[in-house]
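To start, the structure itself, in structure tokens.
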Amino acid sequence: MDPAALHELRVVEAELNERWPETKIEPSLDRMRALTDLLAEPQRGYPVVHIAGTNGKSSTTRIIDALLTGLELRTGRYTSPHLQLATERIGVDGAPISPEGYVEAYRDVAPYVSIVDSQNDVKMSKFEVLTGMAFAAFAEAPVDVGVVEVGLGGSWDATNVADANVAVICPVALDHAEYLGTDLAGIAREKAGIIKPDSVVIMASQPAEAQPEIMNRIAEVDATVAREGQEFGVLERTVAVGGQLLKLQGLGGVYDEIFLPLHGEHQARNAALALAAVEAFFGAGADRQLDVERVRSGFASVIVPGRLERVRAAPTVLVDAAHNPHGARALADALSSEFSFRKLVAVIGVLGDKDARGILAELEPVVEELVLTRNSSPRSMDPDELAGVALEIFGQDRIMVEPRLDNAVEQAIQLAEETDDPGESVSGGGVVITGSVVTAGEARALFGKEPA
């Protein structure tokens, strides 16, 4: 990347970081509505597929983006948070916006942001400005469709100024309790706020407390719903080299011989969710199926960085952005079902406002040893404090503390290489680096991976 462009990007990020961070929220769409009004409603210049839920949002968003691209549409993709570089958040044609494009998008909206700031007691947050940048960049491109991931919640999330043709509700679980509370029904109600009148809702299987709230919203606005396990779902799943081979029930019939270059049953279910969303977008149904070859090509092109991503071989090093117990459970299931490590060592760095105990408890059955560390976020939990939590779950003999992430990774690799019987016909030692999106992003950078 051009050093001058990266410098300008850092200048813009420094300006954005003077605003409220994504961890500080004043629930209201008033500021976003004021901004989009000044920008001439860019989010209404293209149809939108809107994705909410607790886990699987980014993966599902990226799969939808890949499928729509494979079906020859020009896409705009908005995701959060980023792993390595802010440009990852805004994608056009399946790739991150350039640093120059990011800076230009910011400079274009900045005068209007200043106007909104001057008219409100609370200035626009960083996420609100980023959302305005994305909507404007998509209109400028222009794109055929916007694929937009909710940042937090649903009803009052900045992205909800868009009226989606298709609303996707990924699995709802507990996370961000300080903002959303611990009432699963209330969380589901908030996330269902993205469902708009006469839209089509693609709903993943939900906990018993969550589903009625989503269905109530669907009935309230007279939307149409397709449900995982009823109108669509995974029919067959076989582990394959580099991913899995799927047979999916879509709204328009069965799609077989689908290669998905992602690991885990949860990603197969995300794939089924994404396929149904794209079918709904095109109006496919019982009497019309999407082009199967193009669907296969779209799935095969999927890239989801930091989701059970292999960054090194011998020993295998995997990076995963699991940051809550639900995500850690999916990670543990995938590690046990799709890998056969003789010894698995985890490098874990968790943010202080997350359920570290829940994350560690989910990983304990599949991890032999832990190296506890921290990432560069000021919110990162102190490794010694994390060790105190881990002690009750893993015991003293399975825990090491290494405050620097690079040193922690090096230590974990050494531990993974200390296998007892190199003659065994299994995969040898492995390392998984997880606990936070920040940890995953910094681990990718350590192994020389480019932002994606």
Side-chain angles (χ1 to χ4, degrees), residues 25 27-37 39-54 56-57 60-61 64-65 67-68 73 75-80 127-128 131-132 134-136 138-139 142-172 180 185-204 206 210-228 231-232 251 273-285:
I25 296 164
S28 169
L29 289 180
D30 292 345
R31 295 176 299 280
M32 274 306 302
R33 289 191 177 115
L35 178 63
T36 53
D37 183 58
L39 294 172
E41 304 283 358
Q43 79 281 12
R44 303 198 188 284
Y46 38 83
V48 169
V49 179
H50 206 177
I51 300 96
T54 304
K57 295 195 302 293
T60 302
T61 299
I64 291 171
D65 184 47
L67 289 176
L68 290 169
L73 291 188
T75 61
R77 181 187 71 222
Y78 184 52
T79 57
S80 62
F127 185 74
E128 288 172 330
T131 303
F135 286 146
F138 296 164
V143 302
D144 298 316
V145 53
V147 188
V148 177
E149 177 189 348
V150 166
L152 180 63
S155 296
W156 41 259
D157 185 74
T159 62
N160 205 32
V161 294
D163 290 330
N165 304 61
V166 178
V168 181
I169 309 294
C170 296
V172 173
L180 301 177
I187 294 170
R189 194 179 313 120
E190 171 61 30
K191 293 181 184 295
I194 69 164
I195 300 169
K196 303 297 172 62
D198 302 318
S199 62
V200 179
V201 181
I202 307 299
M203 185 173 69
Q206 301 291 345
Q211 181 157 327
E213 297 296 334
I214 300 169
M215 295 301 293
N216 286 344
R217 173 66 179 176
I218 290 167
E220 177 188 326
V221 299
D222 198 25
T224 302
V225 64
R227 296 151 294 184
E228 181 188 2
E231 286 79 17
F232 69 92
L251 306 181
L273 197 64
L275 174 61
V278 172
E279 287 185 294
F281 179 81
F282 281 104

Between E128 and L35, is a side chain to side chain contact (heavy atoms under 4.5 Å, CB included) present by the stated rule, with each step listed? CA-CA 9 Å; E128 288 172 330; L35 178 63; over 6 Å; no
Minimum heavy-atom distance [X]-[Y], with the two atoms named:
X	Y	answer
A164	S199	O-CB, 3.5 Å
I169	A192	CD1-CA, 4.5 Å
I214	V172	CD1-CG2, 4.4 Å
A158	L29	CA-CD2, 4.1 Å
A223	V201	CB-CG2, 4.0 Å

Side chain to side chain donor-acceptor pair (under 3.5 Å) with [X]: which residues, sequence neighbours excluded?
X	answer
K196	N160, D163
E228	S205, R269
Q206	none

Check: [X] side chain, [Y] main-chain N or O, donor-acceptor pair, under 3.5 Å:
X	Y	answer
T60	K57	no
N216	P212	yes
T36	E41	no

When rounded to the nearest 0.5 angstrom, what distance separates [atom1] in [X] from [atom2] in [Y]?
X	Y	atom1	atom2	answer
R227	L273	CZ	CG	14.0 Å
D144	L68	CG	CG	9.5 Å
C170	M203	SG	CE	12.0 Å
T224	I202	OG1	CD1	9.5 Å

Mind checking salt bridge (charged side-chain N to carboxylate O under 4.0 Å, His left out) for R217 and listing every partner two or more places apart, or none if nothing turns up?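 For R217 the salt bridge (charged side-chain N to carboxylate O under 4.0 Å, His left out) partners, ignoring immediate neighbours, are E220.
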So, using salt bridge (charged side-chain N to carboxylate O under 4.0 Å, His left out) as the criterion, who are the partners of E149 when residues are at least two apart?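 By the salt bridge (charged side-chain N to carboxylate O under 4.0 Å, His left out) rule, E149 matches no residue at all.
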Student check: side-chain heavy atoms of [X] and [Y] closer than 4.5 Å:
X	Y	result
I64	F281	no
Q43	F138	no
V168	I194	no
K191	T54	yes
V143	T75	no
D198	D222	yes

Taking atom types as modelled, find out whether E213 and Q211 have a side-chain donor-acceptor pair closer than 3.5 angstrom.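 Note: E213 and Q211 side chains miss the donor-acceptor criterion.
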Taking only residues two or more places apart in sequence or in another chain, which ones pass side chain to side chain contact (heavy atoms under 4.5 Å, CB included) with S80? E22, R89, F127
Run I51 and Y78 through side chain to side chain contact (heavy atoms under 4.5 Å, CB included) and show every step you take. CA-CA 10 Å; I51 300 96; Y78 184 52; over 6 Å; no
Name the orientation class of the two ring planes belonging to F135 and Y46 (parallel below 30°, tilted from 30 to 60°, perpendicular beyond 60°).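 Geometry flag for Y46 against F135: tilted rings.
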